[in-house]
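Down below is the structure, laid out as structure tokens.
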Amino acid sequence: MRNSIKRLIGAALVASLCSPVSLAVDFTTVRVDNVDEFGALSKRLRYADDKTPIPLSGYSWDGSVFATIPAANADRPVEVFSTSDYQPPSSDESDWYSVLDLAACGVLTGDSDGKFHPYRTVTRAEATAMLVRTLGVAQADGADSGYTDVPASAWYASVVQTAQECGIVSPDTLFRPEALVTREEFIVMAARAMSCAGLLDLEKPAPAPLKLEDADAISAWAKTAYDSFGSLLPATILTEGQAPGADDPTYLSPYFYYAEPQKHATRLQAADLIAACIRSLPVYPTAAAREAGLDAQMPSIDGSTSTLPITQAVYNALFTNGERHPANPVTHSKSHASYERLINGEVDMLFASVYPASDILALAEEKGVTLELIPIAHDAMVFFTNKDNPATRLTSEQISNIYVDNAYGNWNQIGGPDALLYPYCRNNDSGSHAQMERHFLHGAEINETIREETTSYAMQSILTDVINAQTSDPAGYALGYSIYYYFRNTNMVLGTADRLKLLEIDGVAPTDETIADGSYPLSNNTYIVLRKDTPEDAPARRLAAFMLTEAGQRCVENAGYGALQ
């Protein structure tokens, strides 16, 4: 198969963040479509003219193979090849996938006998060569590396000079080519190389941080690299451990890791980190992103805490390694604050699980902004109590009496057991409070006593507050409220289903079915919220349209919400 290079994203000039050398490397993204999925992990691109492999390439699971290449090669035709076709020398003792894969891509070359020696420690010269070959940049002639101990005749002269120009190594008098590289030194060099290619932002911590038991042992100059990679760092370049008692077959304990940063890195550890970078750093648009017109630009997104899984599902559907997309917000600002940011023009759109509160509507009117709400999922407001509470239902009137008038002190006053009633509420700038305004308050406020004594200031804390409020002497049970799908999804983390139960409202229990058909009285929707004046061709409008497609509704379901379709 032979295809001409297709530009997807404009070439980005990536200046070195770690070296004063002024040279920068200009990378661009290319794609080849309609590739057989068989052996997808081994699919790579290579230049069709001389069959040189492109290490920073890989399959995107949608019939495309992508690559990140120096822009100087943008006019060269590319074709697909499979690294699984590579046959290592018969003398090679290694069967490690990362080693063989990188050997097929020309990153590892082995010794004169063709052996890769995966457990041998890595010298500075070898580490530099691996990373320069990974970038696939044209190498300098090696005549003037700037180091007094790197003669022009040395095999590593060209890669050392190139590495300095690309910011992988820093200028100095001595390079010490035969010195062994420590783990933290190689991690820093790899981070600089990936930054040079535009695949890693050294000023932005990874979306999934890695907890290291000996993080304090990492040198100050290496901490940024560790933070940027986060959980991407393969276990082989760390030291794995278990908590005391792990030898007991009934004891379940997660693994934990030590950096041991001053240990010397092996060739296998270096290969595994490079392979992890190739696999997990590039952010390439999927076919869904291209069809939706979101491959080149995504809208800036915010929203309520409960809708963050929707944002995450969207990025994972539209991009490979979507969690590392530069526009991925990683967190949401909560309902009230996100509405304010939209009104003030700080973001393009929201995923909102609640209708805007009265003060938000007043702020929008004051600013001359009209909000447009587009339903994308089913959801509902729910009320819950301790699972041991025999009570099973409430009426809408009772809820209003509880929260506006603090009318009942015992569950037996509303058809429940003889037990004290502890009503919990949310803070006024929460999305859950906006639901209370919409369904029950009708212009009134939450009772002052309840607000002063039992306000929960986070979506998660109202669940734990209600759990912990149960008393036995005297008997008492709490009452709280939240959003249905947040309540259900949080069970996977907090195990709330073992401690809490949902109550029927006006005789109807909240379920997927009763919420979808509207028979549950507190049913509502989750929305995309835009400013009404958002242009028709804006990325936010394109994403709103995507969310109503089959692929978009799969994102809704993958996030744990009820799809409209």
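Note: hydrogens, waters and symmetry copies are ignored here, and every other heavy atom, side chains too, is used.
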*Could you tell me which residues satisfy side-chain hydrogen bond (donor to acceptor under 3.5 Å, both in side chains) with N558, sequence neighbours excluded, listed by chain and number?*
none
*Just by distance, with hydrogens left out, do S98 and D272 show a side-chain donor and acceptor under 3.5 Å apart?*
yes
*Please find out if less than 6.0 Å separates the ring center of Y403 from that of Y481.*
yes
*Ring center gap for F383 and F440 short of 6.0 angstrom*: yes
_Side-chain heavy-atom pair L45, E79 within 4.5 angstrom cut-off_ = no
*Test T455 against N427 for side chain to side chain donor-acceptor pair (under 3.5 Å), laying out the working first.*
CA-CA 6 Å; T455 294; N427 44 299; over 6 Å; no
_For the backbone of S42 and the side chain of T83, can you confirm whether one donor and one acceptor N or O come within less than 3.5 Å of each other?_
yes
*asked:* Could you tell me if the side chain of H332 sits less than 4.5 Å from the side chain of I301, heavy atoms only?
replied: yes
*With the threshold set at 4.0 Å, does a side-chain nitrogen-carboxylate oxygen contact exist between R531 and D348?*
no
*Where do V556 and L564 land on the side-chain contact (heavy atoms from CB on, under 4.5 Å) test, with the steps shown first?*
CA-CA 9 Å; V556 166; L564 295 180; over 6 Å; no
_Considering only residues two or more places apart or on different chains, which pairs with a residue in residues 515-565 satisfy ring pair (Phe, Tyr, Trp, His ring centres under 6.0 Å)?_
Y485-Y561
*Going by atom types alone, do R290 and S64 pair a side-chain donor with an acceptor below 3.5 Å?*
yes
*If you look at every heavy atom in R541 and E536, which pair is closest and at what distance?*
CB-O, 3.4 Å
*With a 4.5 Å limit on heavy-atom distance, are the side chains of F351 and M547 in contact?*
yes
_For Q460, is the CD atom crowded, meaning more than 12 foreign heavy atoms sit under 6.0 Å from it?_
no
*How about L500 and F487: do any of their side-chain heavy atoms sit closer than 4.5 Å?*
yes
*Hey, does T286 have a side-chain heavy atom less than 4.5 Å from the side chain of F319?*
no
*Looking at OG of S228 and CZ of R192, how far apart are the two atoms once the value is rounded to the nearest 0.5 Å?*
12.0 Å
*Given side chains that start at C-beta, do those of T490 and L463 come closer than 4.5 Å, heavy atoms only?*
yes
*Taking atom types as modelled and ignoring hydrogens, do the side chains of N524 and H378 form a donor-acceptor contact shorter than 3.5 angstrom?*
no
*Does a donor on one side chain and an acceptor on the other come within less than 3.5 Å for S353 and D379?*
no
*salt_bridge(R542, D537) N-O dist < 4.0 Å*: no
_Intermediate values then yes/no, side-chain contact (heavy atoms from CB on, under 4.5 Å), F229 and L200_ = CA-CA 8 Å; F229 279 129; L200 191 67; 3.8 Å; yes
*Should we count CZ of F81 as having more than 12 external heavy atoms under 6.0 Å?*
yes
*Regarding Y486 and T307, is there a side-chain donor-to-acceptor distance under 3.5 Å anywhere?*
no
*Using a strict cut-off of less than 4.0 Å between a Lys/Arg side-chain nitrogen and an Asp/Glu carboxylate oxygen, indicate whether D227 and K204 qualify as a salt bridge.*
no
*asked:* Side chains of S396 and H439: any donor to acceptor distance under 3.5 Å?
replied: no
*asked:* Between T162 and Q139, do the side chains contain a donor N or O and an acceptor N or O under 3.5 Å apart?
replied: no
*For M298 and V314, which heavy atoms make the closest approach, and how far apart are they?*
CE-CG1, 4.2 Å
*asked:* Less than 4.0 angstrom from a charged side-chain N to a carboxylate O is my criterion; do D295 and R31 meet it?
replied: no
